[in-house]
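Down below is the structure, laid out as structure tokens.
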Amino acid sequence: METLINGTKILVIFLSMGSLVPFLVWAERRTLALMQSRLGPNRTGPLGLLQILADLVKPLMKEDFAGQATHKGLFYLAPLLAIIPPALVFGAIPFSHPLILPSFEFLGYAFGPYTFYFQGFNLNVGVVFALGVSSLSAYALLIAGWSSGNKYSLLGALRAAAQTISYELALSLALVGLILVFNTLDFLEMVKIQSGPLTFSFFGSEKTIPFLPGWGIFYQPVGAFLLFISFLAESNRVPFDLPEAEGELVAGYHTEYGGIKLILFYIGEYAHIMVASALMVTFYFGGYTFYPFLTEDSLNGLFQARMGEWAGLLTSLALFITFLVKFFLFLFVFMWIRATLPRFRYDQLMDLGWKTLLPWAFGNAVVTAVVIFIFDFFKRGSFFG
Amino acid sequence: MDSLIFYFLSSVLIFSALRVVTHKNPVYGALYLACALVALAGIFFLLEAHFIAGVQLVVYAGAVIVLFVMVLMLFDLKAEKQLWKISPFRWASVAFVAGLTLGVTLLEGLLGSSSIGDLGFFSAKHIARLLFTKYVLAFEVLGVLLILIAVGVVALTRLEREDD
Amino acid sequence: MAPILFLFFIAAGFAAFLIGISIKFAPKDRPTDIKASSYECGLAPDPPPSRHIPVKFYRTAILFIIFDIEIIFMYPFALAYRDFLAQGQGLYILLVMGVFLAFFLLGLWWEIASKALKWT
């Protein structure tokens, strides 16, 4: 029974991610257009929403050519590898407060108390898992470029892979500072820690700012900024989208792809953006909570008074909507940046990753560790015990 | 359910590892090795060694094999592919190693202890504790070794190509 | 592990399903000479030059491995830091980690200063 619930939950999570992508494509085209003082797609259907259907059907009906590929098996495998890593990470992110169902009777069977997690799987090493699976996304690029049989595709793929791995370093190191503060790798734990007021120990005394939520961004502003830039680069998003820019090595690693295989690469890129937004929200912006108004305690208290039994479900739904609002806000920021910033040249891009972001992330981790030590020293009064 | 997953992952692992040594294109070999390492990370997950599984994915499958694949893709491998011959000697050596591994595993299973030990042993906090108390010298030596590798690589790849 | 594998297969199945639809319902692939050649901005593909192989990819990848390993070592440190502080071993751990981080910094400074990553 539990397997059925879990299986359905994972299916729903993946399908909602998959169906959000076409909507994001439409939203991006409209947003970019409106920011550039023009209208986006507005002919097909109301507000151009049927464009989504058109965008899905047209590539499916295109001829599926693979004649020039030197390794056909890998040529067909690469689009699959492009969407699997972000889908896996998306399944580990908590979308709402776990719903605790007390035991109840149904059709003569007694169902025990059950905790329904609003995530695909509840890992206690969420951060390392997310990092590990993201680093596997380099393979899709390399395999796509190499199996195309086109030397420019190969070079584009190698450059894209080099960009991806360079920014993974800044990504992992920026997260070290966050883990020093939160002391856990679990996503759900991080959100729970951020659902209280902003507390920190300041030279010996514990200070609490009661009107600000204990969000990660207040503890690690530099780390958040570095992580955001690294996410932009990891998902090959402007201003770091040189690997797929038209006019640069033709179209990079997906030059020889057409039809639905090409669209799968774009689905992978949008899935990456969704994962990046969800992770930014979970790490630095409180996940699904917003102290002091929207935490599980306050909402539970609110609903308990009126609805009694359904309080838990309503709390979870309300927190889910909180998450969605923040999530869409970040997606909008991604599109906003695309409309605003020019593209980096490749060597500027690599220099930024190695010579700017990596030292700053390193400094962030060291400063965080030292500050924690100093405050602990003042709280404790001595170096030992 | 867990044993089903274990059988599936280990068969993927064994098949991929076999293909690493039996495929004639080295790039395919490297990719099969990546597949084998991902299956191995899955087995680590099953053994409740979550942190080690994640580290395996990040470092081994996500960095080392990416290096292999990147470098191998740059070469024109026709010569390597032509040199590859399926000889009886090759199959005999694969069978020998496989038989040896199987024999050792069976002996261990029959004669050794069958408990897996404390499952909290592989948690990240416990690893940290061990790393900084029992293995602290090895940890520092590792830092030095990594520096040596960095310096060595830059020195090796700098000599000929000043105008790269 | 089961949910992770399940999600893996759902994602792969979804992509395979889409490609399957395309193979079944789209016009068949009739390879002509031009379609089967690689795309080079419409110009005729010239023979692959036997230039020397760019070594910067290898260098970037090796340096990535090194720093990735060092960063992964910082993760157990970050997790156990507060425990060590609570037990009064804060100074010790800071010293041990400080030595390691000094090596990291030395490596980082050296590879930046040696212009090992010039990409022009």
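By convention in this document, chain letters (A, B, ...) are assigned in the order of the sequence lines, proteins followed by strands, and residues within each chain are numbered from 1.
- Between B/Y28 and A/H71, the ring planes are tilted. Angles from 30° to 60° get that label.
- For the set B/V55, B/V59, B/L57, B/V38, the entry with the most heavy-atom pairs within less than 4.5 Å of chain A is B/L57.
- Only the side chain of A/I165 comes within less than 4.5 Å of a heavy atom of chain B; its backbone N, CA, C and O stay farther away.
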task = Dump the intermediate steps for side-chain contact (heavy atoms from CB on, under 4.5 Å) on B/K125 and A/N183, then the final yes or no.
result = CA-CA 10 Å; B/K125 295 202 180 189; A/N183 210 27; 3.8 Å; yes

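- Both the backbone and the side chain of B/I65 come within less than 4.5 Å of a heavy atom of chain A.
- A/L154 and B/M73 get closest at one heavy-atom pair: CD2-O, 3.4 Å.
- When the shell of 6.0 Å around CZ of A/F265 is examined, it contains more than 12 heavy atoms from other residues, nucleotides or ligands.
- In this structure, CH2 on A/W146 lies 7.0 Å from CG on B/L31, to the nearest 0.5 angstrom.
- Contact annotation for A/V128: both backbone and side-chain heavy atoms come within less than 4.5 Å of a heavy atom of chain B.
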request  = Decide side-chain contact (heavy atoms from CB on, under 4.5 Å) for B/H50 and A/L185; before the verdict, give the C-alpha distance in whole Å, the side-chain angles of both, and the deciding distance to 0.1 Å.
outcome  = CA-CA 11 Å; B/H50 304 287; A/L185 292 175; over 6 Å; no

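- A distance of 9.0 Å separates CG of A/L74 from CG of B/N25, quoted to the nearest 0.5 Å.
- With hydrogens and angles disregarded, a donor-acceptor distance shorter than 3.5 Å links the side chain of A/Y139 to the backbone of B/A61.
- Only the side chain of A/L123 comes within less than 4.5 Å of a heavy atom in chain B; its backbone stays farther off.
- For the atom pair CZ of B/F51 and CG of A/N124, the computed distance is 11.5 Å after rounding to the nearest 0.5 Å.
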